[in-house]
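Here the structure comes first, spelled out in structure tokens, and everything after it is commentary.
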Amino acid sequence: MEPARRILGIETSCDETAAAIVLRHADGTGTIVSNVVYSQLQDHAAYGGVVPEIAARAHVEMLDNLIVRALDEADTRLPDVDAIAVTAGPGLIGGLIVGLMTGKALAAASRKPLYAINHLEGHALTARLTDNLPFPYLLLLVSGGHTQIVLVRGVGDYQRWGTTIDDALGEAFDKTAKLLGLPYPGGPAIEHEAASGDDKRFSLPQPLKGETRLDFSFSGLKTAMRQTAQAIAPLDDSDIADLCASFQKTIADTLDERVGRSLARFKREFADTVDNPQLVVAGGVAANRTIRQRLVETCAGHGFSLVAPPPDLCTDNAAMIAWAGAERLAANCPADPLDVAPRPRWPLDDKSSALIGHGKRGAKA
Ligand code: KG4
Ligand code: ZN
């Protein structure tokens with residue numbers, strides 16, 4: 001049997017600095033041998049969001065040591081790796097340059113192939129590392145920078161079915177938390193408040209509800225939250241809890257409706273070929289228990305199973321980048337030249353045009 005391929009992965013596209021060693025075995029299964037992540041959350045918390053300059057500096061300071069740690073923990077020397085996979089976009093340009101230059105230097109010094117990976121491809125293929133999922137499947141990516149429904153047909157073969165036309169879902173959580181005076185990141189703070197709130201007290205709008213397109217919109221919801229909060233100000237603790245619970249429920253209803261339509265479309269398109277359809281969920285918002293529970297129910301209602309990789313592989317990490325490189329290597333995709341450029345904007349599906357306002361924050365996936 002062919003030996004396993006050993007890939008070094010590097011991730012620096014937003015506010016996590018990460019390095020990992022992953023194996024891809026001849027039978028297509030994978031093993032994470034090491035996976036180190038430095039989260040810059042504390043560096044940015046005081047500013048209520050990611051500050052690009054601070055992020056880039058932190059990547060410069062942390063990355064070399066993290067790569068050494070990832071190699072050490074995997075008992076691996078650079079000459080032992082078969083390829084180097086590094087995020088080349090989308091993301092913050094400063095961080096991308098740090099990671100890509102480092103990856104190029106290591107590839108040049110060790111004469112190993114370099115794979116310039118699309119960060120979204122890392123998220124899209126993680127379920128094959130964790131659950132050995134066969135193609136095709138649907139991906140719901142809900143993070144601080146992206147809200148997308150993607151048909152994953154094969155390595156390098158993606159079709160975006162829906163995206164946000166304004167804020168990403170995590171961004172909507174973060175901005176709403178800020179206007180309610182809750183800390184950053186807003187998602188966990190809102191989930192915590194919502195646990196003791198009445199989710200029926202406020203009726204909030206569900207933008208794009210009923211439309212056959214599969215896109216999302218969250219800025220109207222954020223505005224409605226601001227107006228509702230202003231109308232009842234000053235807010236006491238139970239007002240905040242009720243606002244958070246109503247907000248979270250509206251998001252869960254919206255996902256139920258939008259995702260439900262996507263599952264129905266998948267079943268129509270793959271009725272004859274896929275027996276056991278799967279929805280993969282990834283991104284930080286997938287950590288929300290109310291949302292996750294509703295997704296389980298939505299999937300069950302459509303005959304799908306929900307695949308949710310463990311939280312540390314749903315959020316940004318380098319194991320997913322190494323794995324995407326391993327999948328590319330196994331699929332005989334050509335390596336990238338050493339002058340490959342970082343791409344701050346890089347849609348997974350090059351045929352889908354950017355929607356108005358989409359990716360405004362442009363950084364995280
Ligand atoms: O995937 P992620 O860790 O980082 C990137 O965006 O790449 O996602 C972070 C986002 C933040 O906007 C955060 O507020 C949101 O995920 N988030 C949550 C929860 N935990 C994190 N949103 C809702 N509920 C949560 N429990
Ligand atoms: Zn991401």
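Note that ligands are numbered from 1 as they come in the structure, with each ligand's atoms numbered from 1 the same way. Nothing fancy with the numbering, it's 1 onward along the sequence.
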Name of whichever N/O/S atom of Asp316 is nearest to the Zn ion (ligand 2): OD1

Test item, Pro188 contacting ligand 1 (heavy atom, 4.0 angstrom): yes

Angle subtended at the Zn ion (ligand 2) by NE2 of His123 and NE2 of His119, nearest 10°: 100°

His146 near the Zn ion (ligand 2) via N/O/S, less than 2.8 Å: no

Test: Glu61 and Arg57 ion pair at under 4.0 Å: no

Numbering as shown, the atoms of ligand 1 that approach Gly145 to under 4.0 Å (heavy-atom distance): 6 (O)

Gly187-ligand 1 polar pair, N/O distance under 3.5 Å: yes

Any N or O of Gly144 closer than 3.5 Å to N or O of ligand 1: yes

Short side-chain to backbone donor-acceptor contact, Lys222 and Ala172, under 3.5 Å: no

Minimum non-hydrogen distance to atom 11 (C) of ligand 1, winning option of Asp174, Leu41, Thr290, Leu169: Asp174

Arg265 to Trp161 six-membered ring, cation-pi geometry met (6.0 Å, 45°): yes

Check against ring pair (Phe, Tyr, Trp, His ring centres under 6.0 Å), Phe247 and Phe202: CA-CA 8 Å; Phe247 175 78; Phe202 302 105; over 10 Å; no

Metal site the Zn ion (ligand 2): N/O/S of Cys14 inside 2.8 Å: no

Under 4.0 Å to a heavy atom of Gly283 - the qualifying atoms of ligand 1, by number: 1 (O)

Gly170 N/O to ligand 1 N/O under 3.5 Å: yes

Glu121 bridged to Arg328 by N-O distance under 4.0 Å: yes

Ion pair check, Arg294 and Asp256, cut-off under 4.0 Å: yes

Chi angles and distances behind the side chain to side chain donor-acceptor pair (under 3.5 Å) call for Gln248, Asn288: CA-CA 9 Å; Gln248 190 172 269; Asn288 184 293; 3.0 Å; yes

Atoms in ligand 1 flagged as close to Gly186, the criterion being non-hydrogen separation under 4.0 Å: 14 (O)

Sub-4.0 Å atoms of ligand 1 with respect to non-hydrogen atoms of Glu191: 25 (C), 26 (N)

Step-by-step ring pair (Phe, Tyr, Trp, His ring centres under 6.0 Å) determination, Phe304 to Phe266: CA-CA 10 Å; Phe304 272 66; Phe266 185 94; 5.6 Å; yes

Lys/Arg-Asp/Glu bridge criterion (N-O < 4.0 Å) met for Asp215, Arg213: yes

Polar proximity ligand 1 side, Gly284 side, N/O cut 3.5 Å exclusive: yes

Arg77 and Asp80 ion-paired at < 4.0 Å: yes

Under-4.0 Å heavy-atom contact with ligand 1, by part of Asn288 that carries it: both

